[in-house]
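Read the structure below first, then the notes.
For the numbers below, each heavy atom of this structure counts, side chains included, while hydrogens, waters and symmetry mates do not. Because the structure is predicted, anything quoted here is derived from the model rather than measured. Lettering of chains follows the sequences in order, A, B, ..., and the numbering in each one begins at 1.
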Amino acid sequence: MDTGIGARVRRKEDHRFITGKGQYTDDINLKDQTYAYFVRSPHAHATIKSIKEPEWAPEDGVVAVFTGEHVAEDKIGGLICGWMIHSKDGSPMKAGPHPILAQGKARYVGDHVAVVIAETKEQAKAAAARVDVTYGVLPHVVDVAKATKSKAQIHDVAPDNTVFEWSLGDKAATEAAFQRAHHVTKLDLVNNRLIPNAMEPRAAIGSYDSGSDHYTLYTTSQNPHVARLVISAFHGLAPEHKLRVIAPDVGGGFGSKIFIYAEEVVCVWASKRIGGRPIKWTAERTESFLADAHGRDHVTHAELAMDKDGHILGLKCHTLASMGAYLSTFASCVPTYLYATLLSGQYAIPAIYAEVDAIYTNTAPVDAYRGAGRPEATYLVERIVETAAREMKIDPAEFRRRNFVTSFPHQTPVIMTYDAGDYDASLKKALEIADYKGFPARKAAAAKQGKLRGIGFANYIEACGIAPSAAVGSLGAGVGLWESAEVRVNPVGTIEVLTGSHSHGQGHETTFAQLVSDRLGVDINSVAIVHGDTDKVQFGMGTYGSRSGAVGMSAISKALDKVEAKARKIAAHVMEAAEGDIEFKNGSFSVKGTDKKMAFGEVALAAYVAHKFPTSEIEPGLKETAFYDPSNFTFPAGCHICEVEIDTETGVTEIVSWTAVDDFGTVINPMIVEGQVHGGITQGIGQALTEGCVYDSESGQLLTGSYMDYCMPRATDVPSFKLGFTETKCPSNPLGMKGCGEAGAIAAPAAVMNAMTDALGVKDLAMPASPHTVWKTLQATKMAAE
Amino acid sequence: MENFIYHRPTKPADAVKAMKDAADGKFLSGGMTLLPTMKQGLAAPSDIIDLGGLGNSGVEVGADKVTVKAGTVHANVATDKGVKKAIPALSALAGGIGDPHVRNRGTIGGSIANNDPAADYPAAVVGLNATVVTSARSVPGDKFFTDIFTTALKDDEIVTAVEFPVPKRAAYVKFPNPASRYAMVGVMVAELKDGSVRVAVTGAGPKVFRVPEMEKALEANFSADAIGGIKVKASGLNSDMHASPEYRAHLVTVLARRAVAAAK
């Protein structure tokens, strides 16, 4: 059976997961473990006047109660935002303090005010309810569009609740382009706030061993090494060699588990305070809603300038991006360098100018969520391009074609250099699969059933594998975005690959093994992928931004190159041949022109036995490491076409057809990639039609605090997807890979909303376009017509 | 969740006595609302009197009447062949409650005693002119649901069965809340054997209600067109982030028409 690159290998990890044998953080229990429960602010904005504990009885089981004062005593640093953004005027972003337990003030409903540690989870929860916190309620603001003029002053360092006012692009050139315009399309857009909802809630177990003065943190992290670095360097808990971070099986993240959160740091810090007993915390679902970093929450005005033939001359936009009440780990880069740098879309736009104001609100922090900035960019570009085509009465497919970037490399006015792509190829293929020509007939047939049928495109482009490190450093990143790999070949020829990437559902144990199987010609079952433990893997940057293939696997590929090179040398000595005469194919080394042959495993054994080569020249053993830093971002792109039918009586929308043609470069496992596309589109459909985080502006309370009100998309909300692939290899990594994890979530909202507005014949429609929203739109249209 | 005293009586009289003796007792049937409420700390009864020990579960289908014992789970009502034949609208309604987990734990007695404004069963009880049989008496469906989360039941009174007269034809059409899947609006339309028509609406208001104007129109002409122009008033209907009173009012007419068309 083929288990190499391109094979539909069944996921090796799934047997473990579907038979309940996965080891998630909450499955782990340590000796003498205690339990933490957090006292959270019931107010959106309040001073903390006092925190009083009752007299605890032995049966209360309370071990300790800690507050921000204890954190200050131990000089534990606050949570950081690791990407510096400067405002237009050159001033650095205004980051307010974010202590791991509130100090003096709570800034959103759910803010971590104190922690109770008790013998059991139930005791901790019951005791937390008895901790008496006196609050002084302050004015609050939850709406990003109102926050700069609010009475609420969330952080002293940030007047008008403004973190930064940033811009990208050439303002004068863009204004000049608009002066020349034949037609200008204007659009106001809201990119609705989303709550990530990973299947596994966040969890942590922190423990301290006084014997070795060493801390261990089990945590639900997408990047355990970054967590260790931050907890060590910024929270100042312990030097890195005295802190081990383990992220075992993790049940989904979608970005929300990239970040270093207060609760996890509290567990590992407080363990020493209670004499080293481990402290376990598992978020209740309500806490996930309240205190996981949320996504999106943009309010944007955008304008697009065209000449008389529908060629785009320029694009400008002004975006208000909610940061929530604190800057989360990567919050500042999401609405800036992950957003405005992609505003050129798939199009050759000569001039672009984007202004982004990052604003504090009394809400949960906002950070990267599947797509992170790129869905917001695609939503803007594809909604305004579609609107412009309609206004200029040009077929939307043709309008796009006229403006496509067609030669590569292509330098956009907003930093990015697109390296490879064929946007017309994916459009063409998508039009065929979707039977675009047959749409008018389908629309007419739907009308006979009393349904409004609409079609919408999203020709998205995104950027994955943020790189190279020097470039992202120059843009303000606090870290490099390379990846590491170590390939350990055992004496019998089995292989362990240690990777700095982290799988939390992506199937790395399968795809990474496929690469090894392909390169070394070994059985996929003799390859083990090791990740998620800072004591095993030396360092790594983790998994987010669809980087694990393009960056993580490239590092593995580089290490495999080294393994192969050394194995060739050893094989040459053992078979008494010149190294240049050694051929490596299908897992075996042979000497050109002879029948001499050694299997890969035999060479591995020879490497460890070390009898047949000069160890003064070649070290024994077969183990290689690589740190790989890509030379550019990768640019996955594609065309999604959505068709909807709307029941005009009820406002209910059915997605009746979905075509997705994606260019991900090299695909390792098409089955897993298709699964990623399905999941991504479904999340995007969720944003477009069902999901929307709502804070009550009066009370500041989270109204969508459970699944009773926060509407996740269900299987019945999505159609059977029609997928196709085109392929242009990515030139900036050895495998030609681009990344597939977020594409669906990036493309889908624009495709759905373009189809919805087409069906309804309107320009504006808010996400989520729930039946109620659609019905109101239908009523308004009807009234306007009457 | 707070501690409580757990009772599992095997006779209705013992259940009633346990409730009388309790400081702040609660009857537990399927627990589909009570248990989550307790877990969230929104209810903390001193005593739980589990009615599961009564063994009062099952369906009896007669020529004119379907009797559903109070402890019968929704899945059994949904899949019972006799119910499907006698009152297909009732079996379809039961099959659309919640999800498989809820349908296999939740009971008809628990549902109607709780009287959630968005529950499905109240529409069946009122729409099909059912009688609620309790440990003490029989209550006509119309008199059973008194207010939001409130019924005619006394504190120590237990629902033992619901008797549904077999109608000439009926249908239940529900517009589920997109998130919770409770009825945002649910309409039961039934033409009873005596020729009278009932239109019962759940989810839209604080409790199930009938629409007499539609009933009258349908008694004259049982067709969807007969009620197309009849609108219920929006004022007094439920309002939340998922639907305004106006939208709910609109949906009542749409769903009622669809129910008439689907009635069998």
Can you tell which of A:Met708, A:Glu122, A:Glu691 has the highest number of heavy-atom pairs within less than 4.5 Å of chain B?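 That would be A:Met708.
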State, with a plain yes or no, whether a side-chain heavy atom of B:Leu35 is found less than 4.5 Å away from one of B:Leu28.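 In short, these two side chains touch, coming nearer than 4.5 Å.
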Which atoms of [X] are under 4.5 Å from chain B, going by heavy atoms: the side chain, the backbone, both sets, or neither?
X        : value
A:Glu649 : both
A:Thr690 : neither
A:Lys125 : side chain
A:Asp696 : neither

Polar side-chain atom of B:Tyr172 near backbone of B:Ser91 as donor-acceptor pair, under 3.5 Å: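 Absent.
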Please state whether the side chain, the backbone, both or neither of B:Ser244 comes within less than 4.5 Å of a heavy atom of chain A.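 Both backbone and side chain.
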For B:Asn177, is it the side chain, the backbone, both, or neither that has a heavy atom closer than 4.5 Å to a heavy atom of chain A?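 Side chain only.
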A:Arg202 with A:Glu287: basic N within carboxylate O range, under 4.0 Å: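 No, this pair does not count.
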Toward chain A: residues of residues 95-107 of chain B with heavy atoms under 4.5 Å: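 Within residues 95-107 of chain B, no residue comes under 4.5 Å of chain A, counting heavy atoms only.
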Among A:Tyr37, A:Phe38, A:Tyr35, whose ring-ring contact (aromatic ring centres under 6.0 Å, His included) with A:Trp281 holds?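 Of the listed options, the one satisfying the test is A:Phe38.
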Chain A: which of B:Gln40, B:Glu2, B:Arg257, B:Arg181 shares the most heavy-atom pairs with it under 4.5 Å?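 Top count of heavy-atom pairs under 4.5 Å with chain A: B:Arg181.
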Look at the aromatic rings of A:Tyr135 and A:His43 and report parallel, tilted or perpendicular, splitting at 30° and 60°.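 Plane angle over 60°, so perpendicular.
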